[in-house]
Amino acid sequence: MLGGSKLSHKHKKLLVLIGVIFVILISTLVANNYIHKKIFSQNHLQASKKQIVPWSYKKLGITKTWKFTKGKHVKIAILDSGIDLNHPDLKHANIIKTINFIEPNKPALDETGHGTFITGIIAAQNNNFGIVGIAPEAEIYILKILNKKLEGKVDSVIRALDWCIKNKINIVNMSFSTSSDNSRLRKITKQATKHGIIIVASARNSFGRKAGFPASYPEVISVASVNYKNQISQFSAQGKIDFCSYGENILSTSVNKTYKLSSGNSVAAAHLTGMIALILSKPEKWGLNPKYGINKDKIYNVLIKLSKDLGEKGKDNIFGYGLLRFK
């Protein structure tokens with residue numbers, strides 16, 4: 001009888017333990033399912049009726065940072081496929097200038113939607129519909145260097161970067177990559193950095209292979225993508241990675257006055273560009289003194305301090321220094 005009583009007591013404890021584990025598992029599944037549904041419910045149908053703040057902004061602390069800066073007085077050049085200026089979330093945004101470096105006599109019309117998407121993440125206006133950009137008060141310069149096939153020539157990129165130097169741009173976003181190094185591209189990248197321009201570039205969507213160029217240049221801040229669970233994206237690269245940011249299932253502006261969800265290292269790069277703009281707009285907040293000049297190295301050190309280490313301790317070839325977020 002005593003033996004049977006002890007066995008029964010152990011069984012009761014085991015059942016309680018199993019019950020607790022079951023409740024934890026169910027709670028985790030429900031929470032993950034809620035987050036999953038929340039992410040995928042951010043679609044163009046909702047955006048046409050009310051303004052949606054992309055899920056990544058809150059996780060990165062961007063919405064808290066808006067209390068004291070939205071990127072005012074920061075000049076950002078977006079080297080991409082152009083822009084749909086008729087988009088209701090962009091036509092009244094702070095777009096200062098658009099230039100077509102492929103066909104100079106034609107407007108910088110976006111034939112792919114890529115440039116429009118990247119611009120939306122960085123600079124969509126703050127209104128009562130659509131989305132809002134990370135730095136909606138920044139000054140935006142659209143430099144078209146990619147055609148309708150999302151292909152471009154190095155000459156176009158070089159001329160665009162030279163224009164950025166002459167016009168004292170603060171940040172250049174390059175959400176594109178190539179597998180081939182180019183000495184002329186490397187040279188103009190160095191020149192731009194020496195003039196105080198901060199260049200942000202996406203790693204290649206190479207599925208674990210090399211990060212490509214210009215991301216692999218030491219003068220460039222390269223960005224890889226992670227998902228909402230802070231796991232490296234399957235399409236992401238390895239090698240010269242500096243930081244990572246959210247790049248999966250992000251809602252932004254698209255052509256023909258629409259919105260869509262998209263993924264890619266290019267999306268992660270746009271997040272980082274917008275966040276750097278917020279830092280440059282209020283540099284004292286992060287211990288920077290504009291009187292002594294602000295360059296890539298100084299910004300880089302701030303980004304390291306703001307990053308959450310996700311991989312091996314310190315910098316690694318997958319996450320870089322980790323996920324940049326405002327604390």
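All residue numbers refer to positions in the sequence shown, counting from 1. Values reported hereafter were calculated over all heavy atoms of this structure, with side chains retained and with hydrogens, waters and symmetry mates removed. All figures in this text were calculated on a predicted structure; none of them were measured in a lab.
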Contacts of Lys106 meeting salt bridge (Lys or Arg N to Asp or Glu O under 4.0 Å) (sequence neighbours excluded), chain-then-number -> Glu103
Enumerate donor-acceptor pairs with a distance under 3.5 Å from any side-chain N or O in residues 272-283 to protein atoms, sequence neighbours excluded.
unit_1	atom_1	unit_2	atom_2	d
Thr273	OG1	Asn173	OD1	2.6
Thr273	OG1	Ala269	O	3.3
Ser281	OG	Thr69	OG1	3.1
Ser281	OG	Lys72	N	3.2
Ser281	OG	Lys72	O	3.0

For Lys144, the salt bridge (Lys or Arg N to Asp or Glu O under 4.0 Å) test, sequence neighbours excluded, returns Glu111
Closest non-hydrogen contact found for Ile145 with Phe176 is CD1-CE2, 3.6 Å
Same cluster or not: are Ile62 and Val200 linked, directly or through other Ile, Leu, Val, Met, Phe, Trp or Tyr residues, by side-chain heavy atoms under 4.5 angstrom apart? yes
Test Leu288 against Val302 for side chain to side chain contact (heavy atoms under 4.5 Å, CB included), laying out the working first. CA-CA 9 Å; Leu288 297 172; Val302 172; 4.0 Å; yes
* Audit row: Phe235, Ser263, side chain to side chain contact (heavy atoms under 4.5 Å, CB included) steps and yes/no -> CA-CA 9 Å; Phe235 51 76; Ser263 302; 4.0 Å; yes
For Tyr246, the ring-ring contact (aromatic ring centres under 6.0 Å, His included) test, sequence neighbours excluded, returns Trp55
Q | Within 6.0 Å of CD in Glu284, more than 12 heavy atoms from elsewhere | A | yes
**Close side-chain approach of Ile169 and Ile171, heavy atoms under 4.5 Å** = no
Sequence neighbours excluded, the answer for side-chain contact (heavy atoms from CB on, under 4.5 Å) partners of Ala268 is Val223, Ser225, Ser245
| task | Please examine the side chains of Met174 and Ser202, heavy atoms only from C-beta on, and report whether any two atoms are closer than 4.5 Å. | result | no
Hits for side-chain hydrogen bond (donor to acceptor under 3.5 Å, both in side chains) against Asp181, two or more places apart or cross-chain, chain-then-number order -> Tyr217
**OP:** Check the hydrophobic clustering (I, L, V, M, F, W, Y; side-chain heavy atoms under 4.5 Å; chains of links allowed) and say if Ile122 and Val53 are grouped together.
**Re:** yes
Note: Leu90 and Gly120 closest approach over all heavy atoms is CD2-CA, 4.2 Å
When clusters are formed by joining ILVMFWY residues with side-chain heavy atoms under 4.5 Å apart, either directly or through shared neighbours, do Ile250 and Ile78 land in the same one?
yes
In short, side chain to side chain donor-acceptor pair (under 3.5 Å) pairs touching residues 112-122 with sequence neighbours left out are Asp80-His114, Ser81-Thr112, Asp110-Thr112, Asp110-Thr116, His114-Ser266
(message) Tell me whether Phe326 shares a hydrophobic cluster with Tyr228, the cluster being built from Ile, Leu, Val, Met, Phe, Trp, Tyr side chains joined at under 4.5 Å.
(response) yes
With a cut-off of 3.5 Å and sequence neighbours excluded, list every side-chain donor-acceptor pair involving residues 188-199.
unit_1	atom_1	unit_2	atom_2	d
Thr189	OG1	Leu185	O	2.7
Thr193	OG1	Thr189	O	3.0
His195	ND1	Gln191	O	2.9

Worksheet item: Any idea how Trp66 and Tyr57 line up, ring-wise: parallel (<30°), tilted (30 to 60°), or perpendicular (>60°)?
Response: perpendicular
Sequence neighbours excluded, the answer for salt bridge (Lys or Arg N to Asp or Glu O under 4.0 Å) partners of Asp155 is Arg184
Sorted by chain and residue number, the salt bridge (Lys or Arg N to Asp or Glu O under 4.0 Å) partners of Glu137 (sequence neighbours excluded) come out as none
- [ ] Considering only NZ, NE, NH1 and NH2 on the basic side and carboxylate oxygens on the acidic side, decide whether Lys313 and Asp309 come within less than 4.0 Å.
- [x] no
**Item:** Atom CD of Gln234: over 12 foreign heavy atoms under 6.0 Å
**Value:** no
**Asked** Is it the case that more than 12 heavy atoms not belonging to Tyr292 sit under 6.0 Å from its OH atom?
**Response** no
| task | Go through the steps for Tyr300 and Phe243 under the test ring pair (Phe, Tyr, Trp, His ring centres under 6.0 Å), then give the verdict. | result | CA-CA 10 Å; Tyr300 199 86; Phe243 302 95; 5.2 Å; yes
Going only through I, L, V, M, F, W and Y residues with side-chain contacts under 4.5 Å, is there a path from Leu324 to Val74? yes
Of all heavy-atom pairs linking His73 and Glu139, the shortest is CA-OE2, 4.1 Å
CG of Asn105 to CG of Asn100, rounded to nearest 0.5 Å, is 9.0 Å
Nearest heavy-atom approach of Pro88 to Asn127 is O-ND2, 4.5 Å
Heavy atoms of Ile241 and Ser222 approach each other most closely as CA-OG, 3.4 Å
The complete set of salt bridge (charged side-chain N to carboxylate O under 4.0 Å, His left out) pairs with one or both residues in residues 231-243, sequence neighbours excluded, reads Lys240-Asp242, Asp242-Lys315
Open item on the list: How about NZ on Lys59, more than 12 heavy atoms from neighbouring residues, nucleotides or ligands closer than 6.0 Å, or not?
Closed with: yes
For Ile294 and Ile299, what are the C-alpha separation, side-chain angles and deciding distance, and is it a side chain to side chain contact (heavy atoms under 4.5 Å, CB included)? CA-CA 7 Å; Ile294 298 174; Ile299 286 292; 3.8 Å; yes
*Could you walk me through whether Asn265 and Ser236 pass the side-chain hydrogen bond (donor to acceptor under 3.5 Å, both in side chains) check?*
CA-CA 7 Å; Asn265 291 316; Ser236 198; 3.2 Å; yes
### side chain to side chain contact (heavy atoms under 4.5 Å, CB included) assessment of Glu248 paired with Val267
CA-CA 8 Å; Glu248 288 193 38; Val267 178; over 6 Å; no
So salt bridge (charged side-chain N to carboxylate O under 4.0 Å, His left out) across residues 318-327, not counting sequence neighbours, yields none
* Asked: Which is it for Tyr259 and His87 under the ring pair (Phe, Tyr, Trp, His ring centres under 6.0 Å) test, yes or no, and what are the steps along the way?
  -> CA-CA 10 Å; Tyr259 300 85; His87 196 289; 4.9 Å; yes
- prompt: Do we see a donor-acceptor contact under 3.5 Å between the side chains of Asn256 and Asp84?
  reply: no
